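Data first, discussion second: the structure below is written as structure tokens.
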Amino acid sequence: MKDKKICLLHTGGTIGMTRSERGYVPKEGYLGEMLLGISDLTVPGMPKYELHELSPLLDSSNMAVSEWNRIGGKIAELYDEYDGFVVLHGTDTMAYTASSLSFMLENLDKPVILTGSQIPLCEIRSDGRDNLITSMLIAAAGEVREVCLYFGGKLLRGNRATKMSADGLIAFDSPNLQPLAEAGINIRYLPTQKIKKSGEPFRFAPFSEVPIGVLKVFPGINFSLFNVVMTEKLKGVVLETFGAGNIPGEGGALLPIIKAAFSAGAVITVCSQCPQGTVSLGAYAASSELVEAGAVSGYDMTTEAAVAKLYYLFSKGYSKEVIKEKMETDIVGELTKSTAN
Ligand code: ASP
């Protein structure tokens, strides 16, 4: 372990925040001071590490495409120098960043573990200490060479993870894929769906600023109000539907809007509001017309993964037809295609 060298990439988030009059804020240089106080980081069983801090440090609610590109770009720049990467990140949008990195770090063959905490390291009872130390050990072990999220004892596939709790210390889960590892007395790696490795060299594929929208349906939704949003300017839409892909009114009011957006070039991906389970278009009349209108199934993808995947595929410059096909195909372990479709 001590021969392994880990890059700690600090992007912001609660783990390294300090108190201010306006609540917790990130502070440059502060995490480095905190780390000096954690004696476990220098015991013989720990890998060596170097801290890189992105500037400005951000509350993750302020992260978007340019920040994902900066994080991915930094990992690409340092790729050959380290055995693994631990990205310290705010919890609020960690699952979006993890999903984005899983696509943009093409042919990744090193561990990239995102982690953070619900309680800052500077406070008593901080969960940051274990999240950090265990993430570093997992990054050094190199058993799982993909983008993951470690939190509260569970190592999750990054593009399957979602934040489940605003205040619990086991804040993340991946309801459609069992954890990649569980950290109890020992760190136990579990057999799970593998990512197909292409054998091609690692490559960084940054995202472009593609106009993407997420539309969550609810009982009584007035679809006509969304006419103004669903214009040709919107390239990708994630439709968060009920259950297995159902929309109110058997599509009557929504279909013309979807059809218009589709013929204007948009790719509409149907995801479920249920955290667990899969979309199964056509299982009910309330969803079958979505397919005829040009929508594709997101199967069991999280909204976070579907959003990131749309950014990725549009940034690659693929045609609408190719993007439609790839949205329904597993690329980096983000989706399990149900056999019913
Ligand atoms: N607002 C914080 C962030 O996402 C929350 C956290 O880190 O837990 O940056």
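Atoms within a ligand are numbered from 1 in the order they appear, just like the ligands themselves. Quantities reported herein were computed from a predicted structural model and do not represent experimental measurements.
With sequence neighbours excluded, the residues satisfying side chain to side chain contact (heavy atoms under 4.5 Å, CB included) with Ser60 are Met63, His89, Asp92, Thr93. Partners of Glu28 by salt bridge (Lys or Arg N to Asp or Glu O under 4.0 Å), not counting sequence neighbours: none found.
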Ligand 1: protein N/O within less than 3.5 Å of ligand N/O:
{"unit_1": "ligand 1", "atom_1": "1 (N)", "unit_2": "Asp59", "atom_2": "OD1", "d": "3.0"}
{"unit_1": "ligand 1", "atom_1": "1 (N)", "unit_2": "Asp59", "atom_2": "OD2", "d": "2.9"}
{"unit_1": "ligand 1", "atom_1": "1 (N)", "unit_2": "Asp92", "atom_2": "OD2", "d": "2.8"}
{"unit_1": "ligand 1", "atom_1": "4 (O)", "unit_2": "Ser60", "atom_2": "OG", "d": "2.5"}
{"unit_1": "ligand 1", "atom_1": "4 (O)", "unit_2": "Thr91", "atom_2": "N", "d": "3.3"}
{"unit_1": "ligand 1", "atom_1": "4 (O)", "unit_2": "Asp92", "atom_2": "N", "d": "3.0"}
{"unit_1": "ligand 1", "atom_1": "4 (O)", "unit_2": "Asp92", "atom_2": "OD2", "d": "3.4"}
{"unit_1": "ligand 1", "atom_1": "7 (O)", "unit_2": "Thr14", "atom_2": "N", "d": "3.0"}
{"unit_1": "ligand 1", "atom_1": "7 (O)", "unit_2": "Thr14", "atom_2": "OG1", "d": "2.8"}
{"unit_1": "ligand 1", "atom_1": "7 (O)", "unit_2": "Thr91", "atom_2": "N", "d": "2.9"}
{"unit_1": "ligand 1", "atom_1": "8 (O)", "unit_2": "Thr14", "atom_2": "OG1", "d": "3.0"}
{"unit_1": "ligand 1", "atom_1": "8 (O)", "unit_2": "Thr91", "atom_2": "OG1", "d": "2.5"}
{"unit_1": "ligand 1", "atom_1": "8 (O)", "unit_2": "Ser117", "atom_2": "O", "d": "3.2"}
{"unit_1": "ligand 1", "atom_1": "9 (O)", "unit_2": "Asp59", "atom_2": "OD1", "d": "3.4"}
{"unit_1": "ligand 1", "atom_1": "9 (O)", "unit_2": "Ser60", "atom_2": "N", "d": "2.7"}

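Note on residues 129-149: no pairs pass ring-ring contact (aromatic ring centres under 6.0 Å, His included), not counting sequence neighbours.
Under a 3.5 Å cut-off, the side chain of Glu33 and the backbone N or O of Leu31 do not form any donor-acceptor pair. A donor-acceptor pair under 3.5 Å is absent between the side-chain atoms of Asp300 and the main chain of Lys337, judged by distance alone. Of the possible donor and acceptor atoms, none in the side chain of Lys197 sits under 3.5 Å from a partner among the backbone N and O of Asp109.
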